[in-house]
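Throughout, protein chains are lettered first and strands after them, A, B, ... in sequence-line order, and every chain is numbered starting at 1.
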Amino acid sequence: MFRRVATFLRKRKVEQELDDELRASVDLLAEEHIQKGVEPQDAIRLARIELGGVEQVKEEVRATRGLPILDSAIRDLHHALRNLARAPGFSIAVVVTLSLALGANASVLALLDRLILRPLPVKEPGSLVAVHAPRLPERPSGSGPIVSISSGSGRTGLSYPLYAALRSRVPAFTGMLAQTHATATMMVEGTPVGVEGRLVTGNYFELLGVKAALGRLLTPDDDALPDGSPVVLSHGLWQRQFGGDPAILNRTIHLNRHPMTVVGVAAQAFTGTAAGAAPDFFAPLRLGGALSGMPPGLKANFRFDSPNFHMYGVMARLAPGRDLKQAERAADRVYQQLVAAALGPGTGASQARRDYDKRRSEFRLQLSPGGYASSEQSSLSHDLRTPLLLLMAMVGLVLAIAAGNVANLFLARGEARSREIAIRFALGASRWRVLRALLVESLLLTLTAGGVGLLLARWTTGLAPVLLNVERLPDGVTPAPDLRIGVAVMVLSLAAGLCIWAASAPRAVGRATLTGLAAHIQAGARRTMRWRRVLVVAQAALSIVLFCGSAVLSRSLIRLMSVDPGFSVDNLYSFWLNPGRAGYDAGRSNAILAQVFEVLGGVPGVKGVSIATDLPLSGRGMGTGVNRDQRSGEDRGEPVDTDIGHVSPGHLANLGIAMMAGREFSRDDVRGAKVVVINEALAQRLFGKNDPIGRGVGIDGGLPEWRVVGIAKDVKSGPRTPAKLIMYQPYNFQDPVSTAGFALRAEKGVHLTSEMVRTAVRRVETAVAVEEFAGMPEQAARALYRDRMLAWVSVSFAILAALLCAVGIFGLTSFSVAKRAQEIGIRMTLGATRASIQWLVMREVSVMAAIGCALGLAVFLFAGRVLSTMLFELTSSDPASLVAGAAVLGGTAFLAGFMPAYRATLVDPARTLRQE
Amino acid sequence: MRKAKTDLPRGTLDLLILKALALEPLHGVGISRRILQMTNGAFQVSFGSLFPSLHRMEESEWVAAEWRASENNRRAKYYKLTAAGRRRAAIEERDWNRVVEVMTAALQHPRITTEEG
């Protein structure tokens, strides 16, 4: 082995020696011939024949000597580099085409990975599970239904007592943590900043195996202590708000006016247990009350361990050797015992029992893998899962089309090189040797393209927030490729290179023949032409899948945008205020809201101001049960789950919500008048065909003392969601409200900015943060961001595919026209018209496009069904979209084929015939 | 021109080369001529097989090479057996003899004929 390595290293010298040795051998053999009386020139020739070709012998020797594989790989690489450098146009075309496709793949893959696939940056993510269990049946209480049973989805939060019971009684878990969201206003140098955090059990960091970047993390001791308000900051918040200053340790920060001591900063890589929802801070569960924005009176009553708060996300670590199903069975047994205990000693006949028995199957504890970015489904990863998978499929198609083009280029180049290849065969190169040389060239180009694609993906990282319609991507979510994605993309490039090689090389090379160069070259041309047509047809088929997909997604978007939201969106702005978070009681809060209301009304350009606790598209709102009053022949009916919105007088008019009957609140209603306005959906639900005006409704099981004075048009929070049931109550600046939404209607042409609003609010109060200021058109657009993104991205991919496809058709057709120049010349001499010559060329294009179209449509009809969940009032086999896709393909093919067809008519018959 | 190809059992060529070199150092063409002589013209070794074998044996240090003048004063690469090469030759020869014995015995076995009835 040592000698072999030595031979490899002394390669040049060894080569030289071999060359000398073979030359000497030829001379020796020639001398023998001369001695037999042969002429010197002939003697050399005979000697060479006898030796069997100097190059072949060298090749044989090389194959046995040194490290033949490495040796020949390096030689192939040299050879490939030289060849590619000799054809810079070809090399650049290939790298550009593929790097665009691979770059798009890298970006989408990176997003998909970070939002869904990637394991969390925690210790042993494989043994983490998320625990889901429906809330336990509640014991009969004074009012309301006898047993409250949550919806059976099993994905609601757990209450603290349930968590604690499971933690102490399931041996299949080595640990369990509980956490919940918390939003807070943090004061930084007098400026309120909205932050998102997690309230967690003390074992949170220990169980996840997260390290501190600075100071310490929370420990179980933090749960045990009755007081002290430790908080751990995320690395992201520490950098953003405190400039990464280590002096942050032991400093006091105020969250919702509650003083907290910073004890540490979590490791940079750790961005919580849900992708796209990176917390800014971590605090113990027991501080939930103190940190909440509730008025002080309510805060005192808050107990984080109340059995009535079903709000904790629970994760557990499986004991070593336990699998998920096993642990699920063990935990479910414990859960069933708890359910039985909650139902009380079973008489078998109680209402509770019967209710429970009816829905028994819903009461199951479930575990799901918890160690992945998408396990604790954040809204972002939940929303984007399907779109990202679809995008991945689209970029995959684009890559396939691009690869088809490149394979076609390789075939064209193989044809141009058929002479060189034939000569190499004649010199004794084996077929495998020639194929291997082409493989090296193809891999060299695709891997380069992969590298360039990764760079492109990194440079275009800034486009992602625009596409996803967010101001700033959440910590830990980025389309910038990292090592993991880099490796994946390089593997993808490698695969693309192999496919391109497999699709082009064997046909470009053909078989080593002894029939001479000319015959070999001609056979090569015939052989590759047919295969190149097949490739173009495949490209057309893949392209039309993208065309149809983007057409149907765009049509769906247009339909979504034309849905009437039920209110007037233009020139409307909204924001939220929560004075309670700044520590004010209900009375002071209402006073602040009233003052802000006054001040805003005086801002130039503002036509109308109103306040509501429930604004369209905001996703906020409180729900409660509403009953109708009793009339002859009717009972009070089941309570209907309804959203309650407290609105100031004139709010509905300000929003442009039409009154279908009755009237809106007036200033006369505000002083304690028990009047309500209900929307159409609720009117229909409560009263059916009867006239609701003047009827009474009861709230939360109370007396039907609220009189319906008007019916408002339904407001949709999104085109896909059915109208919510809403009941409006007058807001009179007296009832305690936690968060108030302001709706501002600007004069036409006036653009309100968040700065204008902040200035106005600051004139009243400086400690209250203006939250979520946004124009309503933008909010309406945001509700459609997925659809918009899918439509835009798919259209851009479709354009890319059209370009690639056009290049493929153009290249092949031009080539074919050049090949058939003589035939065309003869036809023209025999009197063919220009039109018939053009048709001759276009017919070929049409046939390829038609076959591709038919294949592609068939594929789309089958595979397009994956789009269906993304479509609005359309199916993926929407005829208009199919026609549009086919038309785009037809147009592309026509444009791509027209130039070569036109050029065919310029063929000079005299010249081509002379060449014959 | 070729009387027989060298599609001999693997190792046969090596043995012939080692044998050819046993008397005196030779260059590549000389080895080819010597083998022709030794086999009474039965084997014309192609150079495409000879040189790879020689180079492999040189790497295994069974033979050593040096450049010197040939009989007609041309520079040529001469190969000579090393001590390891001599041992190797002995082993190969013994193995070959065993193969021949076994094969001969097998082919002369009375119950098996190569002709089909």
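- Residue Met38(B) places its CE atom among more than 12 non-hydrogen atoms of other residues, nucleotides or ligands, all under 6.0 Å distant.
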Item to complete: Go through Lys77(B) and Asp20(A) one step at a time and tell me if the salt bridge (Lys or Arg N to Asp or Glu O under 4.0 Å) criterion holds.
Response: CA-CA 9 Å; Lys77(B) 195 177 177 190; Asp20(A) 288 348; over 6 Å; no
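- Residues of residues 21-32 of chain A lying within less than 4.5 angstrom of chain B, judged on heavy atoms, are Glu21(A), Leu22(A), Ala24(A), Ser25(A), Asp27(A), Leu28(A), Leu29(A), Glu31(A), Glu32(A) in numerical order.
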Practice prompt. Decide yes or no on salt bridge (Lys or Arg N to Asp or Glu O under 4.0 Å) for Glu55(A) and Lys58(A), but give the supporting numbers first.
Written response: CA-CA 5 Å; Glu55(A) 284 306 315; Lys58(A) 275 189 185 175; 3.7 Å; yes
Item to complete: Go through Glu93(B) and Arg98(B) one step at a time and tell me if the salt bridge (Lys or Arg N to Asp or Glu O under 4.0 Å) criterion holds.
Response: CA-CA 9 Å; Glu93(B) 195 172 341; Arg98(B) 191 164 299 153; over 6 Å; no
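- Of the possible polar contacts, none joining the Ser504(A) side chain to the Phe410(A) backbone as a donor-acceptor pair under 3.5 Å is found.
- Taking a 6.0 Å sphere around CZ of Arg33(B), one finds it holds more than 12 heavy atoms contributed by other residues, nucleotides or ligands.
- Judged as a side chain to side chain contact (heavy atoms under 4.5 Å, CB included), and not counting sequence neighbours, the contacts of Leu444(A) are Leu77(A), Ala80(A), Leu81(A), Leu84(A).
- Summarising the geometry of Asp14(B) relative to Ser53(B), their closest heavy-atom pair is OD1-OG, 3.3 Å, with the distance given to 0.1 Å.
- Here Asn83(A) pairs with His79(A), Arg86(A), Glu441(A) under the side chain to side chain donor-acceptor pair (under 3.5 Å) rule; sequence neighbours left out.
- For residues 20-28 of chain B, a heavy-atom distance under 4.5 Å to chain A picks out His27(B), given by residue number.
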